[in-house]
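Report on the structure given below.
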Protein chains: 2
Amino acid sequence: MAKKKQQDALSSEEKIKEAARKVFMEKGYAATRTRDIAEAAGMNLALLNYYFRSKEKLFELVMQEKLSSFFGLMLPILQDPASSLDDKMHTIADRYISMLMANPDLPLFVLNAMRNAPKKFAAMLKGADHLLQSAFAQQLKERNPDVAPEQLFINMMSLCIFPFAMRPGLEVISPEIGATFNALMEERKKLVPKWMRAMLKVK
Amino acid sequence: MAKKKQQDALSSEEKIKEAARKVFMEKGYAATRTRDIAEAAGMNLALLNYYFRSKEKLFELVMQEKLSSFFGLMLPILQDPASSLDDKMHTIADRYISMLMANPDLPLFVLNAMRNAPKKFAAMLKGADHLLQSAFAQQLKERNPDVAPEQLFINMMSLCIFPFAMRPGLEVISPEIGATFNALMEERKKLVPKWMRAMLKVK
DNA sequence: TTCTAAATTAATCATTTGATTAAAAAATTT
DNA sequence: AAATTTTTTAATCAAATGATTAATTTAGAA
């Protein structure tokens with residue numbers, strides 16, 4: 001009885017959330033109208049305020065989810081003392097590329113969110129260890145004491161994420177990239193760790 | 001006489017353009033109001049339409065400029081048959097990193113522009129040779145026939161550009177990156193070509 | 001079954017936004 | 001110097017936007 005009502009309520013709320021995820025990812029915050037979300041959800045416009053109070057609150061909810069899914073994948077891997085550096089690089093490349101192949105709009109959304117709401121982002125990561133205190137950074141330093149671990153971390157992120165953010169541009173510069181993008185990304189799951197190892201040898 | 005008038009007219013027009021560059025780069029198109037630009041320019045709001053007809057036209061002008069400056073740097077280098085692969089990598093790293101240090105908002109602006117207006121972007125690059133026909137791609141292929149030249153091109157762009165787009169996030173994950181960002185980027189001018197050479201050896 | 005609470009609807013609101021207008025001021029031309 | 005053109009101004013407009021409202025419907029509790 002009570003359960004049935006709960007499901008119905010979640011269902012409308014969930015429909016709006018679902019639509020909000022889709023439209024905010026596509027258009028960003030400012031270019032998204034509450035009417036767009038209502039239409040995408042097939043729901044009445046007033047329900048956005050009824051369930052979520054404001055466009056802004058709804059956006060923050062979506063933003064929090066997306067930032068969590070983006071960084072939630074990374075931080076535990078970086079901090080795990082039990083896995084080797086090679087395991088970490090392999091796991092990060094594999095998981096990030098897979099996730100981004102399924103969510104190609106995520107990088108740009110996250111980049112915009114970090115730029116527009118750095119405080120909220122910082123608050124989200126409040127508990128996380130800093131990079132330089134992670135097992136990953138230690139392992140990088142051991143492997144190559146001549147290059148700052150931050151540099152190699154930046155490289156790892158760059159090689160996994162940037163192709164997705166730059167895809168529209170890449171497709172224009174090279175139609176071949178457009179035609180085979182997914183195959184290129186699959187290949188990179190194997191190549192990124194190899195490239196990382198090669199770079200780790202550079203002084 | 002006629003010259004003096006010309007300078008005055010350019011001066012008001014240029015003030016508005018200048019302000020538009022600043023505000024559009026900072027807020028993007030949708031979140032920028034024409035009033036923001038007018039205020040930033042210290043000009044009357046109606047002048048935006050008087051000189052540029054619409055917010056959209058003004059934005060396109062700024063977008064064209066920014067895309068030109070972003071890609072204008074790259075394409076000639078890629079297409080130059082006279083310079084070696086090492087020269088190219090060195091020049092791209094040096095020039096891109098320098099330019100982006102002076103224009104840190106550019107990457108995100110360009111990424112958003114490419115995503116939101118891919119047709120305009122494609123029209124802009126109309127005359128340019130495709131990547132696979134460039135001297136750069138040929139040279140990559142000669143150096144390493146086992147890896148698609150597109151992959152190495154993507155890496156080159158990733159290593160030079162992504163750190164700037166990701167800077168707000170990097171600064172939260174690692175305060176050390178925030179404190180020494182410019183030094184890290186200067187260092188990368190030398191390291192990126194080295195990393196590229198190391199990656200070129202990977203099969 | 002009746003009453004109450006929650007969810008939904010369509011209309012409306014108050015504010016904001018890009019754009020227009022008409023008048024005045026400034027610059028240029030005759 | 002007068003006439004004409006261009007630039008600037010402040011007010012206004014028409015449409016759009018996030019949010020609110022009141023009525024109705026649906027669901028749940030007694």
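Letters A, B, ... are given to chains in the order of the sequence lines, protein chains preceding strands, and every chain is numbered from 1.
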(message) Return whichever of A:Ala46 or B:Ala46 has its heavy-atom-nearest nucleotide of DNA chain C closer to the 5' end.
(response) A:Ala46

(request) Report yes or no: does A:Asn144 contribute a side-chain atom to a donor-acceptor pair with the main-chain N or O of A:Leu200 at less than 3.5 Å? (result) yes

Please write out each protein N/O paired with an N/O of nucleotides 22-25 of chain C under 3.5 Å, distance rounded to 0.1 Å.
none

(message) Main chain of B:Thr32, side chain of B:Lys55: is a donor-acceptor contact present, judged purely on distance under 3.5 Å?
(response) yes

(request) Ignoring hydrogens and angles, tell me if any N or O in the side chain of A:Ser98 forms a donor-acceptor pair with the backbone of A:Arg95 under 3.5 Å. (result) no

(message) Taking B:Arg35 first and then B:Glu39, would you say they form a salt bridge - that is, a charged N and a carboxylate O separated by under 4.0 Å?
(response) no

(request) Using atom CZ of B:Phe52 as one end and atom P of C:dT20 as the other, report the distance to the nearest whole Å. (result) 16 Å

(message) Whole angstroms only, please: what is the CG-P distance between B:Asn49 and D:dA11?
(response) 18 Å

(request) Could you walk me through whether A:Ser54 and A:Glu56 pass side-chain hydrogen bond (donor to acceptor under 3.5 Å, both in side chains), step by step? (result) CA-CA 5 Å; A:Ser54 67; A:Glu56 188 181 351; 5.2 Å; no

(request) Could you state the atom-to-atom distance from CD1 of B:Ile16 to P of C:dA19 in whole Å? (result) 13 Å

(request) Can you tell me the distance, in whole Å, between the OH atom of B:Tyr50 and the P atom of D:dT7? (result) 4 Å

(request) Quick one: sort the A:Tyr29 and A:Phe24 rings into parallel, tilted or perpendicular, breaks at 30° and 60°. (result) parallel

(message) Does B:Lys189, at its NZ atom, have more than 12 non-hydrogen atoms belonging to other residues, nucleotides or ligands within less than 6.0 Å?
(response) yes

(message) Between P on C:dT16 and CZ on B:Arg33, what's the gap in Å once rounded to a whole number?
(response) 9 Å

(message) Can you measure B:Glu56 atom CD to C:dG18 atom C1' for me and round it to whole angstrom units?
(response) 12 Å

(request) For a side-chain contact (heavy atoms from CB on, under 4.5 Å) with B:Met196, tell me which candidate from B:Asp86, B:Leu191, B:Ile92, B:Leu152 qualifies. (result) B:Leu152

(request) Indicate yes or no: at least one non-hydrogen side-chain atom of B:Arg115 is less than 4.5 angstrom from one of B:Leu111. (result) no

(message) Any residue in residues 34-44 of chain A with a heavy atom nearer than 4.0 angstrom to DNA chain D? Just list them by number, or reply none.
(response) A:Thr34, A:Arg35

(request) Please state how far atom CG in A:Leu45 lies from atom P in D:dG18, giving the value in whole angstrom units. (result) 8 Å

(request) Starting at atom CG of A:Leu47, determine the distance to atom P of C:dT9, rounded to an integer number of angstrom. (result) 6 Å

